[in-house]
Amino acid sequence: MDPLVDGLMHSPPTLGRGRLLCIDGPAGSGKTTMTDRIARELTARRVEVTIVHCDDLYAGWSGLEGLGGPEGLDVRLRDQLLRPLDAGRPGRYRRWDWVRSQWAGWVGVPVTDVLIIEGVGAGNALCARFCTALVWVDATEPLRRHRALARADDDFGSHWDNWAASETAYFASDRPVERATVRSGSDVSG
């Protein structure tokens with residue numbers, strides 16, 4: 001049994017009838033790997049789980065820069081996804097098309113037992129009131145960089161420095177690590 005999942009499922013609902021698990025941390029730290037592991041555990045327990053990856057919500061490589069603005073990731077998450085789910089209605093978000101560098105179609109998100117939002121910015125302060133648990137995942141910079149650049153379908157190499165600067169600015173201003181209920185270190189594989 002996973003203690004994180006146990007704690008999550010024994011916590012009162014914070015998102016309508018469901019629970020919200022946010023998994024935040026810098027690129028390449030193992031957030032997606034952790035998300036997949038937790039989702040498998042929840043599914044094995046017959047818990048309905050939905051995953052939203054922040055990679056689908058960034059407005060391209062500068063997607064973190066709009067946090068707090070009217071079109072920022074945090075505002076869109078709150079208004080388009082979390083508020084409707086909290087009211088018992090399906091939420092939605094507009095997906096970014098990384099190939100065309102433009103917004104694509106809308107993705108519906110059903111009312112669910114557990115919603116996992118995974119990615120840099122998932123644990124933002126604007127959405128904190130809906131959050132049941134926030135996991136901070138981190139690893140050393142060389143390991144994170146190696147993982148990020150090793151992604152076969154990713155054009156991250158030419159954007160690493162700018163993305164890392166955007167992450168650093170977000171982490172310093174929003175301070176998600178300080179709200180984390182669980183912290184996981186570089187032993188996370190992914």
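Basis for what follows: all heavy atoms, side chains included, without hydrogens, waters or symmetry-related copies.
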For the pair [X] (side chain) and [Y] (backbone), establish whether a donor and an acceptor sit closer than 3.5 Å, ignoring hydrogens and angles.
| X | Y | answer |
| --- | --- | --- |
| Arg95 | Leu57 | no |
| Asn124 | Gly121 | yes |
| Arg19 | Thr14 | no |
| Trp136 | Thr181 | no |
| Asp113 | Gly18 | no |
| Arg144 | Gly28 | no |

Interatomic spacing from [atom1] in [X] to [atom2] in [Y] - rounded to 0.5 Å:
| X | Y | atom1 | atom2 | value |
| --- | --- | --- | --- | --- |
| Glu118 | Cys22 | CD | SG | 11.0 Å |
| Leu20 | Cys127 | CG | SG | 8.0 Å |
| Glu41 | Leu8 | CD | CG | 11.0 Å |

Would you call [X] and [Y] a salt bridge, taking side-chain N to carboxylate O under 4.0 Å as the test?
| X | Y | value |
| --- | --- | --- |
| Arg17 | Glu48 | yes |
| Asp55 | Lys31 | no |
| Arg45 | Asp6 | yes |

Side-chain donor-acceptor pair present, Tyr170, Asp24, cut-off under 3.5 Å: yes
Pair Tyr93 + Trp103: ring centers closer than 6.0 Å: no
Centroid-centroid under 6.0 Å between Trp61 and Trp96 rings: no
Side chain to side chain donor-acceptor pair (under 3.5 Å) evaluation trace for Ser11 with Thr132: CA-CA 7 Å; Ser11 295; Thr132 310; over 6 Å; no
Side chains of Val52 and Val107 in contact at under 4.5 Å (non-hydrogen atoms): no
pair Val177-Arg183: side-chain heavy atoms closer than 4.5 Å: yes
Shortest non-hydrogen contact between Leu134 and Cys131, atoms and distance: N-SG, 3.8 Å
